[in-house]
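Have a look at the structure below before the remarks.
Keep in mind that what you see is a predicted model, and the values were worked out from it rather than measured.
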Amino acid sequence: MASMRANALLEAALQLKGTGWHVVSSNFGGKPAQMEIVMEHDRVDLRCPACEAQCPGYDAVEKRWRHLNFFQYRCELVAKVPRVNCPRHGVRLSEVPWASAESGFTLLFEAMVMLLAAEMPVSDVAQMVDEEDTRLWRLIRRLVDRAHAEKDWSEVKAIAIDETSARRGRSYVTVVMDMDTRAVLYLGPGRDSNAVRSFCEQLQAHGGDPATIRWVAMDMLHCYAKGVRENFPNAQIVYDRYHVMVMAGEAVDEVRRKMQRNGAQLKGSLWVLRGNHWNLSAEQQLQRATLAKTYKPIGRALALRSALQDVYGASKADGAELLRCWCRWAARSRLEPFKKLAQTIRQYWNGIVSYFDSRLTQGAIEAINGIIQLAKRRARGFRNFLYLRTIAYWNTGKLNIDTSAILPT
Ligand SMILES: [Zn+2]
């Protein structure tokens with residue numbers, strides 16, 4: 001493809017008009033066959049990359065970039081990039097419009113890799129685009145780290161903290177999420193107050209102020225509370241409604257298991273008793289009502305759970321008082337699991353009733369956990385925590401990496 005017309009076509013496709021760059025040749029060659037597009041600069045208007053002042057040329061350095069495939073051909077751009085001699089900044093390589101400095105990929109290729117990495121394991125992306133996976137990881141980490149560092153956290157007021165396993169049953173990581181934007185802000189090793197301190201340091205590095213953190217949602221089982229008290233002076237801990245309801249569900253289950261051990265005919269009743277009645281079929285609802293009538297303790301357990309659900313629907317003015325009533329009822333219920341639940345609620349009272357002020361629920365972070373488990377699979381073969389974090393930030397961090405150029409509009 002040596003004709004002027006082919007060069008003009010490629011120039012248009014690469015959007016070089018007005019940039020001073022021209023396609024001088026293109027060819028197919030090598031084994032396996034690949035396409036090479038050679039470009040030159042007209043050297044009329046050379047500028048320093050640091051101050052954008054017009055500067056005299058110094059020399060030129062040949063560079064190569066991997067570009068989007070041309071049909072089935074792997075495609076590379078080749079150009080002698082002018083170096084300028086800036087009076088203020090010395091000899092500098094000038095910028096090219098199709099790639100960022102120091103990258104061996106064009107911007108379009110980078111955008112495509114980022115889109116693919118959001119959808120499939122990086123090892124699969126590497127196979128698909130025929131590149132070393134370590135090279136792609138370097139690219140992905142560079143773009144994600146930069147976009148993450150640029151995020152402004154000064155508006156963050158409410159966060160949720162939770163843990164997730166980084167490797168099967170072994171190491172744990174702490175996840176912090178902004179409850180307003182639902183973006184994952186932080187992923188760090190460990191699950192204790194040190195993780196909270198480390199997040200606090202990052203918050204400040206991103207322009208945030210620990211004093212503006214008003215609410216922190218978490219579940220009762222973790223040791224994050226100490227870290228929150230130490231690092232966020234104005235934060236109120238919110239023990240999550242979601243976790244309290246999970247405990248109530250477990251209490252119903254325990255009542256059922258105990259009755260079964262004592263000879264009650266409850267085989268197959270597990271799913272009928274679990275969850276909210278509006279999720280059951282008409283037949284299951286009838287079964288549940290019959291069980292509740294036949295086995296009084298099960299009836300009481302179901303009533304207690306559904307009453308607790310109602311308490312969470314109460315207004316800010318009534319919430320705490322209703323919860324107090326509920327605890328008294330549970331304590332007298334003659335159902336050990338519910339007596340224990342009432343004790344737990346009393347033990348964590350302030351954190352639990354603060355839900356009625358904040359209405360913060362951690363359900364979202366549970367969903368994020370699912371995404372992070374997915375990120376783990378995406379980073380497969382790369383056991384390092386940094387790989388997991390990179391993919392998790394890319395999938396859930398709401399980062400600003402522009403991939404629009406290769407998406408259909
Ligand atoms: Zn300069």
**Asked** Does the side chain to side chain donor-acceptor pair (under 3.5 Å) test come out yes or no for Arg256 and Gln260, once each step is laid out?
**Response** CA-CA 6 Å; Arg256 178 190 64 85; Gln260 209 167 357; 3.1 Å; yes

### SB check Arg135 Asp133 (cutoff 4.0 Å)
no

Nearest heavy-atom contact between Ala392 and Leu187 is CB-CD2, 4.0 Å

Salt-bridge present (Lys258, Glu336; N to O < 4.0 Å): no

Test side chain to side chain donor-acceptor pair (under 3.5 Å), reference Arg66, set Gln34, Glu76, Glu131, output is Glu131

For this session: Might you work through the side chain to side chain contact (heavy atoms under 4.5 Å, CB included) test for Glu110 and Leu143, ending with a clear yes or no?
Result: CA-CA 9 Å; Glu110 290 182 348; Leu143 294 183; 4.2 Å; yes

| message | Quick check on the 6.0 Å ring-centre criterion: do Phe109 and Trp65 meet it? | response | no

| When you measure from the side chain of Thr174 to the backbone N and O of Gly190, does any donor-acceptor pair fall under 3.5 Å? | yes

Sub-4.5 Å side-chain heavy-atom contact between Tyr387 and Val122 = no

Note to self: Test your reading of the model: is there a side-chain donor-acceptor pair from Ser103 to the backbone of Ser100, 3.5 Å cut-off?
What the structure shows: no

Shortest non-hydrogen pair, Asp178 vs Asp180, comes out as OD1-N, 2.9 Å

| query | Does CD belonging to Glu283 count more than 12 external heavy atoms closer than 6.0 Å? | reply | no

Side chain to side chain contact (heavy atoms under 4.5 Å, CB included) between Val175 and Glu163, intermediate numbers included: CA-CA 6 Å; Val175 185; Glu163 61 167 44; over 6 Å; no

Inset, instruction - Could you check if a side-chain atom of Met39 sits within less than 4.5 angstrom of a side-chain atom of Glu11, using non-hydrogen atoms only? - result: no

| Has the side chain of Asn7 got a donor or acceptor atom that lies under 3.5 Å from a matching backbone atom of Val24? | yes

- Query: Looking only at atom types and distance, does a side-chain atom of Arg182 sit under 3.5 Å from a main-chain N or O of Met179, one as donor and one as acceptor?
  - Reply: yes

In short, Trp98 meets Ala79 closest at the heavy-atom pair CZ2-CB, 4.0 Å

task: Take Gln54 and Asp45 through the test side chain to side chain donor-acceptor pair (under 3.5 Å) and record every step on the way to the result.
output: CA-CA 7 Å; Gln54 214 171 18; Asp45 181 22; 2.7 Å; yes

Main-chain N/O of Met114 paired to Trp394 side chain as donor or acceptor, under 3.5 Å:
yes

Between Lys340 and Glu250, does any NZ, NE, NH1 or NH2 come within less than 4.0 Å of an OD or OE carboxylate oxygen? no

Ring centres under 6.0 angstrom apart (His148, His206) = yes

Hey, mind stepping through Arg288 and Ile298 against side chain to side chain contact (heavy atoms under 4.5 Å, CB included) and telling me if it holds?
CA-CA 9 Å; Arg288 181 188 276 197; Ile298 286 188; over 6 Å; no

On a heavy-atom basis, the closest approach of Ala330 and Lys339 is O-CG, 3.5 Å

- Donor-acceptor pair, Asn231 side chain versus Gly227 backbone, under 3.5 Å? yes

Handout entry: Pair Ser26-Glu36, side-chain donor/acceptor within less than 3.5 Å
Key = no

Task: Close side-chain approach of Met35 and Asn27, heavy atoms under 4.5 Å - done: no

Heavy-atom closest pair (Ser333 atom, Phe338 atom, distance to 0.1 Å) is OG-CB, 3.9 Å

Check: Asn69 main-chain N/O paired with Arg74 side-chain donor or acceptor under 3.5 Å
no

Would you say the side-chain atoms of Gln373 and Arg377 include a donor-acceptor pair closer than 3.5 Å?
no

Expected output: side-chain Ser94 to main-chain Pro82 donor-acceptor under 3.5 Å: yes

Yes or no on side chain to side chain contact (heavy atoms under 4.5 Å, CB included) for Leu203 and Ile159, after CA distance, side-chain angles and deciding distance?
-> CA-CA 11 Å; Leu203 176 79; Ile159 55 172; over 6 Å; no

Check: Between Tyr393 and Ala147, is there a donor-acceptor pair closer than 3.5 Å when you use the side chain of the first and the backbone of the second?
Finding: no

Note: Ile37 and Cys75 closest approach over all heavy atoms is CD1-SG, 4.0 Å

If only atom types and distance count, is the side chain of Lys398 paired as donor or acceptor with the main-chain N or O of Thr181 below 3.5 Å? yes

- For the residue pair Ile352 and Thr344, establish whether any side-chain heavy-atom pair is separated by less than 4.5 Å. no

Exercise for review: Over 60° means perpendicular and under 30° means parallel, so classify the ring planes of Tyr355 and Tyr312, tilted if in between.
Suggested key: perpendicular

request  = Starting from the C-alpha separation in whole Å, work towards a yes-or-no answer on side chain to side chain donor-acceptor pair (under 3.5 Å) for Tyr239 and Ser354.
outcome  = CA-CA 8 Å; Tyr239 288 117; Ser354 62; over 6 Å; no

Query raised in the report: Just wondering, do Asp318 and Glu321 contact through their side chains at under 4.5 Å, heavy atoms?
Result: no

